[in-house]
Amino acid sequence: MDRNTVVLVVEDDAPSRAALCEHLAAAGYDARAAAGVPEALAALRGSPAVDAVLLDLVMPGLDGFELLRRHREAGGRAAVVVLSGIAGTESVVKAMKLGAADYLLKPFAPAKLDLVLRRALARRATPVAPPLPADETAPLEPISVAGRATVSAAMGRVWTLVARVADTDVPVLLTGESGVGKDVVARGIHAASRRAGRPFVKINCAALPGELLESELFGHEKGSFTGAHADKPGKFELAHEGTIFLDEIGEMDLRLQAKLLQVLQDEEFYRVGGTRSRRVDARVVVATNRDLEEEIAKGGFRNDLYYRLDVVTIRVPPLRERTEDIVPLARHFVEKYLRRYPGGLDRVPDEVMERFLAHDWPGNVRELENLVRRLVVLKDPATVLGDLPPLRPAPTSAGRGEPEANAAAGPSRASVDAALPDEMPLKEVGRRAAQIAEREAILHALTKTGWNKRKAASRLHISYKAVLYKIKDCEIVDPRDSGRMDP
């Protein structure tokens, strides 16, 4: 190790501080020490420049989080390895979001410290992306979405998060329903990172049984099983210095989850049938359409793997929550398939687009793409219109017909008129009308299920958490609560 590599130990416990400095010096580092945040900030601003920081999180006065936040806000690029004695993961996740390169849970072996520190220093050459805000509900500045067929605020937030985490090298967990475009977001993370010129390797964990998936991920040695006639590298080896995207991670069996956890922690693994460990440097992005917390509760997903992956979570919203994207996406797919099938239909007819805008898209962007592809190839709107529900006619008079039929058809003209002022920009009219329609749909689903929120969520094709949020957001009150009294 180069003696000019400066490592600053920030630790308020004097014996621990001395022991760490002694170990670093023996390993060949230029070890410096600070007993608290003010002293550490002075060292970070001084000379010689600090290359890495071993940072204790819990200290009297200003804590490690504050040091990390101030250092990153000042443009500091020292690789920060957090030392945490807290058993829970919340503090570690918070530190990683503030820009920490890695973490160690106390107590740790000296060899583990050496490995993590070398890894953090190797990544230091890359400029650090701006840290995520501590309050994840805070509004984010939009970024350019040139080349992406999305204009909605919901997807703008997704791409903003992508820009902020792309170069941090921390694992990213993408959540969202099937067909929303998690693959596109994963590729966007890779393209915006320093690894963009290296391989992007994707594997669908639901497409292969456990034994074959293990071989695909980690490779195998010749003779390790029937049919293994030669050595074969796995996807992790192929993704070295690039990005590996594990789609449908919730489908991976528990034994493989344990092996994946080892790769994430130690960056090394064994091929199937192998006896030599192999090192790999690959950015890991995973995606799922399952609720992993529910899977943990059912015993189908490892708690420790979930917290290792859940450093940064990006939810990709369904298409029904970003209807502004329907028109630009449809145009994008027309252009895409016209290049593949010259002479096809070059635009979406008005009557088809009208039905597109009224559809709730249970298959999300994938469903839209398939319909546009068929339209371009067959050049017959009837082949698409037959797969879309007819437009609902507006009720001719308020209060006519069965109550359930009215609820199913959507908000009444009277309810919309009552909610809209005489003068309002057209875009705001659409937003308000959509809110009213969503509230009516949720009420209808709750009524049909006897106010069983889980069943209502299933009918609406959204998660249980989402339906709880929307009930609160729409100020929907359970009528059964009207006769109850607070204890």
Side-chain angles (χ1 to χ4, degrees), residues 158 171-190 199-220 225 227-228 232-239 242-264 269 271-272 280 282-320 361-370 373 454 457-458 461-466:
V158 168
V172 177
L173 171 62
L174 303 177
T175 65
E177 299 173 10
S178 293
V180 294
K182 298 187 288 293
D183 177 277
V184 175
V185 176
R187 293 178 187 274
I189 292 170
H190 176 71
F200 176 88
V201 179
K202 174 186 175 181
I203 187 166
N204 189 322
C205 299
L208 297 169
E211 297 78 9
L212 290 179
L213 180 59
E214 182 177 12
S215 175
E216 282 295 307
L217 283 173
F218 305 111
H220 62 253
F225 55 84
K232 176 188 174 183
K235 299 294 187 183
F236 267 98
E237 289 176 78
L238 297 177
T243 301
I244 185 167
F245 174 44
L246 306 178
D247 199 9
E248 303 299 348
I249 188 72
E251 305 293 335
M252 183 180 286
D253 67 41
L254 290 170
R255 183 179 62 84
L256 272 185
Q257 289 177 30
K259 196 164 182 177
L260 175 60
L261 179 62
Q262 177 191 355
V263 178
L264 291 172
F269 62 93
R271 286 180 178 176
V272 176
V280 66
R283 169 72 171 283
V284 177
V285 179
V286 303
T288 183
N289 60 8
R290 293 191 176 194
D291 186 329
L292 293 185
E293 292 184 354
E294 287 188 4
E295 294 300 314
I296 291 170
K298 293 188 294 185
F301 203 82
R302 292 179 63 105
N303 189 61
D304 48 3
L305 177 59
Y306 172 70
Y307 284 116
R308 185 79 196 196
L309 295 171
D310 189 35
V311 177
V312 175
T313 298
I314 300 178
R315 175 182 177 266
V316 185
L319 190 53
R320 64 180 172 275
W361 300 106
N364 291 295
V365 179
R366 184 182 296 127
E367 180 186 2
L368 174 62
E369 179 174 6
N370 289 338
R373 181 180 186 179
R454 288 195 181 275
S458 178
H461 301 286
I462 61 177
S463 69
Y464 177 62
K465 289 182 180 179

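Quantities reported herein were computed from a predicted structural model and do not represent experimental measurements. Hydrogens, waters and symmetry mates play no part in the numbers below; they use all other heavy atoms, side chains included. In what follows, residues are counted from 1 in the order of the sequence shown.
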Pairwise side-chain contact, [X] with [Y], heavy-atom cut-off 4.5 Å (strictly under):
X      : Y      : answer
Pro317 : Val158 : yes
Pro233 : Arg271 : yes
Cys205 : Leu246 : yes
Phe236 : Leu260 : yes
Val285 : Val185 : no

Testing the basics here: between [X] and [Y], what is the closest heavy-atom pair and its distance to 0.1 Å?
X      : Y      : answer
Gly250 : Arg290 : O-NH1, 3.7 Å
Phe218 : Glu237 : O-OE2, 3.7 Å
Ile244 : Ala239 : CB-CB, 3.9 Å
Ser215 : His220 : OG-ND1, 2.7 Å
Arg302 : Ala258 : NH1-CB, 3.6 Å
Leu309 : Phe301 : CD1-CZ, 4.3 Å

[atom1]/[X] to [atom2]/[Y] distance, rounded to the nearest 0.5 angstrom?
X      : Y      : atom1 : atom2 : answer
Leu305 : Ile296 : CG    : CD1   : 8.5 Å
Asn303 : Gln257 : CG    : CD    : 11.0 Å
Asp247 : Lys202 : CG    : NZ    : 5.0 Å
Asn364 : Ser178 : CG    : OG    : 8.0 Å
Tyr307 : Leu292 : OH    : CG    : 11.0 Å
Lys259 : Phe269 : NZ    : CZ    : 8.0 Å

Hey, are [X] and [Y] close enough for a salt bridge, meaning a charged N less than 4.0 Å from a carboxylate O?
X      : Y      : answer
Arg366 : Glu369 : no
Lys232 : Glu216 : yes
Asp304 : Arg308 : no

With side chain to side chain contact (heavy atoms under 4.5 Å, CB included) as the test, would you mind laying out the steps for Asn289 and Glu177 before giving the verdict? CA-CA 5 Å; Asn289 60 8; Glu177 299 173 10; 5.5 Å; no
Quick one: do Glu295 and Thr288 satisfy side chain to side chain contact (heavy atoms under 4.5 Å, CB included)? Show the steps, please. CA-CA 11 Å; Glu295 294 300 314; Thr288 183; over 6 Å; no
So, applying side chain to side chain contact (heavy atoms under 4.5 Å, CB included) with Leu173, which one of Val286, Ile314, Val284, Val311 is it? Val286
Kindly indicate, with the supporting measurements, whether the criterion side chain to side chain contact (heavy atoms under 4.5 Å, CB included) is fulfilled by Glu367 and Leu319. CA-CA 10 Å; Glu367 180 186 2; Leu319 190 53; over 6 Å; no
Return yes if some donor-acceptor pair links the side-chain N/O of Lys182 with the main-chain N/O of Gly176 below 3.5 Å, else return no. yes
Go through Leu213 and Glu251 one step at a time and tell me if the side chain to side chain contact (heavy atoms under 4.5 Å, CB included) criterion holds. CA-CA 11 Å; Leu213 180 59; Glu251 305 293 335; over 6 Å; no
